[in-house]
Amino acid sequence: MNKSIVLALGFVLLGVFISAQSFEKKVPQDFDIEKKEIPHGKIDTIQYSSVTVGTTRKALVYTPPGYKKGAQYPVLYLLHGIGGDEKEWFKNGTPQIILDNLYAKGKLSPMIVVLPNGRAMKDDRATGDIMAKDKVEAFATFEKDLLNDLIPFVEKKYPVKKNRTDRAIAGLSMGGGQTLNFGLGNIDTFAWVGAFSAAPNTKEPQVLLPDPSKAKVLKLLWISCGDQDRLMPFSKRTSDYLTENKIPHIFYVEPGGHDFKVWKNDLYLFSQLLFKPVNQEDVNLILKSQ
Ligand code: FER
């Protein structure tokens, strides 16, 4: 082949590679609009038997476009808030649309996303007094259900990788608190941790991480919150403690309150960072944008 053609082809391939890898910080207006013409992932409801709760429990599972049983995928466990259940993200945050759109642009590492029900009790519906003591406590009980029942089920039923570096946990509000409590409490299980607008169930920093240096093995520790959210102190005190102890993390403060506009934006940014080498330039882009 002629040298200049080789060179030109090289640049084209490099261009494709760079655009496929580059991080998209600016959220496009159509990031959550369904597009018929692109490949779609699939949402299924699964049922697993929970020894922790003593019932059969439901979760939704999103498999990515082009999902093949022969491949092996990392898994993101994505948790809901106090007023929700396993369908909350799906109904209000449309992660399947946001992620389909990101896949179509080559911005995501292929992953399976599990949307559990984080209220681990026999009646796990978000009905009646959602702030009742037993219902709030069930969000803590979910740690056992997740580690001992749901993760083993997912890892048996789906073709997934089983290293800590292949598991991410993220969530909004009560799910953000669960993310910090369970993620930082089980660093041998999760390497990617994303807390969106963490709620008062978030343990105090010294309890979360008595030995802060342990968090250095995390691939990514993301804490975000809307600047108008009255729950900001729970994110800020955690980030301050990490900063004091020189633990690398992203503290992303964005315009907004305690709502899905913020959480969809968080998912859009956070998901692009998962399961690939963390690129300091991408992290700087996020930090500079606040
Ligand atoms: C609280 C305020 C907010 C609280 C929980 C929340 C358990 C959770 C909010 C959410 O998940 O959206 O005092 O106490």
Side-chain angles (χ1 to χ4, degrees), residues 20-24 39-44 46 48 59-80 86 89-90 93 95-116 118 142-143 145-172 175-176 178-180 182-196 215-222 248-250 266-279 282-283 286:
Q21 293 293 309
S22 68
F23 174 82
E24 195 161 77
H40 297 287
K42 193 163 165 282
I43 290 261
D44 292 307
I46 56 153
Y48 63 100
L60 302 192
V61 175
Y62 166 87
T63 46
Y67 171 71
K68 290 189 283 302
K69 285 227 161 97
Q72 280 211 311
Y73 297 88
V75 184
L76 163 63
Y77 294 86
L78 185 60
L79 313 178
H80 61 82
E86 71 279 2
W89 264 104
F90 176 63
Q96 71 286 10
I97 298 177
I98 295 174
L99 300 177
D100 282 352
N101 290 344
L102 280 168
Y103 280 116
K105 291 185 174 178
K107 305 284 183 195
L108 290 186
S109 249
M111 67 185 92
I112 291 176
V113 182
V114 178
L115 311 173
F142 180 62
E143 180 169 9
D145 180 85
L146 175 65
L147 295 176
N148 302 338
D149 302 311
L150 179 56
I151 292 179
F153 176 86
V154 168
E155 296 189 349
K156 225 187 254 171
K157 178 159 162 106
Y158 289 89
V160 298
K161 298 188 201 166
K162 297 176 187 150
N163 303 310
R164 53 177 284 281
T165 49
D166 300 312
R167 290 192 207 97
I169 183 164
L172 69 90
Q178 288 176 312
T179 292
L180 291 170
F182 309 165
L184 300 182
N186 298 280
I187 283 176
D188 50 342
T189 302
F190 303 102
W192 309 80
V193 174
F196 311 159
K216 287 192 176 151
V217 301
L218 291 172
K219 293 279 181 194
L220 177 65
L221 176 49
W222 163 292
H249 67 288
I250 293 180
D266 294 337
L267 178 66
Y268 182 86
L269 296 175
F270 176 76
S271 62
Q272 292 183 68
L273 299 173
L274 291 179
F275 307 123
K276 40 174 100 148
V278 176
N279 179 339
D282 296 345
V283 171
I286 293 178

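FYI, the numbering just counts along the sequence from 1. Side chains are part of it too, since the values below use all heavy atoms of this structure and drop only hydrogens, waters and symmetry mates.
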Starting at [atom1] of [X], measure out to [atom2] of [Y] and round the result to the nearest 0.5 Å.
X    : Y    : atom1 : atom2 : value
Q72  : I112 : CD    : CD1   : 10.0 Å
E143 : N186 : CD    : CG    : 5.0 Å
W89  : L115 : CH2   : CG    : 9.0 Å
L184 : L218 : CG    : CG    : 6.5 Å
N279 : L273 : CG    : CG    : 9.0 Å
L99  : Y103 : CG    : OH    : 6.0 Å

Would you say that [X] contacts [Y] through its side chain, given a criterion of any heavy-atom pair below 4.5 Å between the two side chains?
X    : Y    : answer
L147 : F190 : yes
P116 : F142 : yes
S271 : L102 : yes
I151 : L146 : yes
R167 : E155 : yes
T179 : W222 : no

Look only at the side chain of [X] and the backbone of [Y], and say whether a donor-acceptor pair between them is shorter than 3.5 Å.
X    : Y    : result
S109 : K276 : no
D100 : H40  : no
Q178 : G171 : no

Intermediate values then yes/no, side-chain contact (heavy atoms from CB on, under 4.5 Å), Y62 and L78: CA-CA 11 Å; Y62 166 87; L78 185 60; over 6 Å; no
Sub-6.0 Å ring centroid separation between Y73 and Y67: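 Between Y67 and Y73, which both carry aromatic rings, the centre distance is below 6.0 Å.
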Ring centers of F196, F270 separated by less than 6.0 Å: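 Under 6.0 Å, so yes.
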Which pair of non-hydrogen atoms, one from [X] and one from [Y], has the smallest distance, and what is that distance?
X    : Y    : value
A168 : L274 : CB-CD2, 4.0 Å
G176 : A195 : O-CB, 3.6 Å
P159 : A71  : CB-O, 3.1 Å
R164 : D188 : CB-O, 3.2 Å
P74  : P110 : CD-O, 3.2 Å
D44  : K42  : OD1-NZ, 2.9 Å

Residue pair I250, V283: steps toward the side-chain contact (heavy atoms from CB on, under 4.5 Å) verdict: CA-CA 7 Å; I250 293 180; V283 171; 3.9 Å; yes
side-chain contact (heavy atoms from CB on, under 4.5 Å) assessment of I46 paired with Y158: CA-CA 11 Å; I46 56 153; Y158 289 89; 3.3 Å; yes
Polar contact flag, side-chain donor to acceptor under 3.5 angstrom, D282-Q272: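 D282 vs Q272: no donor-acceptor pair found between side chains.
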